J.: 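Right, I'll just put the structure down here and ask away after.
Everything numeric in this text was worked out from a predicted model, so none of it was measured. Both counts, for ligands and for their atoms, begin at 1 and track the order of listing. Just so it is clear, the values below take in all heavy atoms, side chains as well, and ignore hydrogens, waters and symmetry mates.
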Amino acid sequence: MRYSPLRHIAAVFCKRRPLQFTFFVTKRCNARCPFCFYSNREAHSESLPAELSLAEIDAIAASLPNLLWLAFSGGEIFLREDLPEITKIFYKRNKPAIILFPTNGLLTSRIKEVVSEILRACPKSTIVVKLSLDGDETLHDAIRGVPGCYRKTMETYAALGELLDQFPNFDLGINSVFCAKNQEVMAELIDKVGRMERIKTHTVSLIRGEMAENGLKEVELKKYLAVITRLEANLKTQAAAIYRFPGARLKAAQDIIQRRLIYETARQNRRLIPCYAGRLNLVLSETGELFPCESFTMGLGNVRDHDLNINRVLASGQAQGVLARIRNNGCHCTHECYFMTNILFNPRLYPTLLKEYLQVRPAGSALS
Ligand code: SF4
């Protein structure tokens with residue numbers, strides 16, 4: 001029996017405890033993506049500050065409640081040697097319903113070995129691995145800055161595909177970053193991913209944040225709209241096949257609303273719905289800095305200065321000031337992960353959610 005997302009239903013009314021936790025486990029990386037939050041100099045440096053140890057992570061996890069969603073991020077997360085142990089700590093302490101592992105797919109055998117170990121150790125969580133894919137072979141290798149990256153990603157896809165039949169709690173997906181370099185070919189990429197039979201979910205993230213190559217953000221929003229319209233049509237007819245966990249229809253309805261809101265937020269350049277970052281969502285860096293979201297300018301404090309206790313960081317004057325700014329609409333963004341909680345836990349959006357839910361084909365219904 002897997003951990004049910006319904007355990008978190010009280011957060012619709014009371015938003016005092018985080019349920020979505022993102023942990024940047026390392027800055028280290030073996031690729032050179034121009035849209036990374038970290039500079040290539042940092043990602044390839046040999047003298048980075050000390051990453052949180054397993055003992056520190058255990059203490060931090062002990063100060064968190066049960067989680068709906070745990071996401072690892074980086075850097076390339078599979079470069080962190082103790083990733084299985086880190087995952088097991090959160091699994092034991094926080095019982096996440098979903099655990100997300102995004103990867104550039106360069107370390108095929110290491111990724112397969114680690115994912116197999118985690119699938120065996122965490123049977124009650126849905127384990128989601130998202131492989132990055134941004135175009136055909138030439139374009140993908142150029143964007144990721146690594147010759148042969150596309151080929152390695154495909155090898156990792158094949159290797160992980162073998163685990164799908166063995167582990168019903170495993171979900172294998174693709175994430176593509178929609179940017180100026182691939183906006184012309186994203187429709188082709190969606191079709192290509194649609195033909196990869198072991199892939200169920202394809203997320204397309206609108207490029208965001210600060211980066212070395214700011215020209216990548218010069219996207220044409222009408223092209224993004226065409227892409228999300230295409231993905232929406234797929235979701236409406238195939239939700240039950242796309243998501244291998246309970247609540248697939250609801251997740252599909254939320255995805256549809258999320259993408260429309262992201263398009264409108266980018267078009268209108270303002271926040272359209274309340275943001276629960278800092279209350280329902282938290283982001284932890286590899287050195288213990290706590291943030292409400294991936295906007296790394298809004299530091300809440302470092303857990304190392306607060307006895308490795310998340311609640312003590314949140315109670316600080318610094319954190320309370322940041323949270324007040326967020327509540328007062330001080331910022332906006334298009335980050336997909338935050339829209340998920342901002343939609344699912346906002347009762348004002350339930351009529352819209354219900355309308356979309358009813359249009360998503362239920363599991364087992366015949367195709368018309
Ligand atoms: S709107 Fe975006 S930038 Fe602002 S707090 Fe929410 S997630 Fe962070």
J.: Can you list the steps and then say if Arg28 with Glu51 is a salt bridge (Lys or Arg N to Asp or Glu O under 4.0 Å)?
T.: CA-CA 10 Å; Arg28 291 173 281 144; Glu51 294 169 351; 3.1 Å; yes
J.: Around atom 4 (Fe) of ligand 1, how many protein N, O or S atoms are there at under 2.8 Å?
T.: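 Of the protein's nitrogen, oxygen and sulfur atoms, 1 lie under 2.8 Å from atom 4 (Fe) of ligand 1.
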J.: Keeping the roles fixed (side chain from Ser125, backbone from Ile127), state whether a donor-acceptor pair exists under 3.5 Å.
T.: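 No, because the side chain of Ser125 does not come within donor-acceptor range (under 3.5 Å) of the backbone of Ile127.
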J.: Nearest 0.5 Å, what's the OG1-NZ distance between Thr341 and Lys15?
T.: 9.5 Å
J.: Please output the side-chain donor-acceptor pairs of residues 349-356 that fall under 3.5 Å, not counting sequence neighbours, one pair per line with the distance.
T.:
| residue | atom | partner | partner atom | Å |
| --- | --- | --- | --- | --- |
| Tyr350 | OH | Leu344 | O | 2.6 |
| Glu356 | OE2 | Arg260 | NH1 | 2.9 |
| Glu356 | OE2 | Arg260 | NH2 | 3.4 |

J.: About how many Å separate OG1 of Thr287 and NZ of Lys27, when rounded to the nearest 0.5 Å?
T.: 6.5 Å
J.: What's the spacing between Glu336 CD and Asn175 CG if we round to 0.5 Å?
T.: 7.5 Å
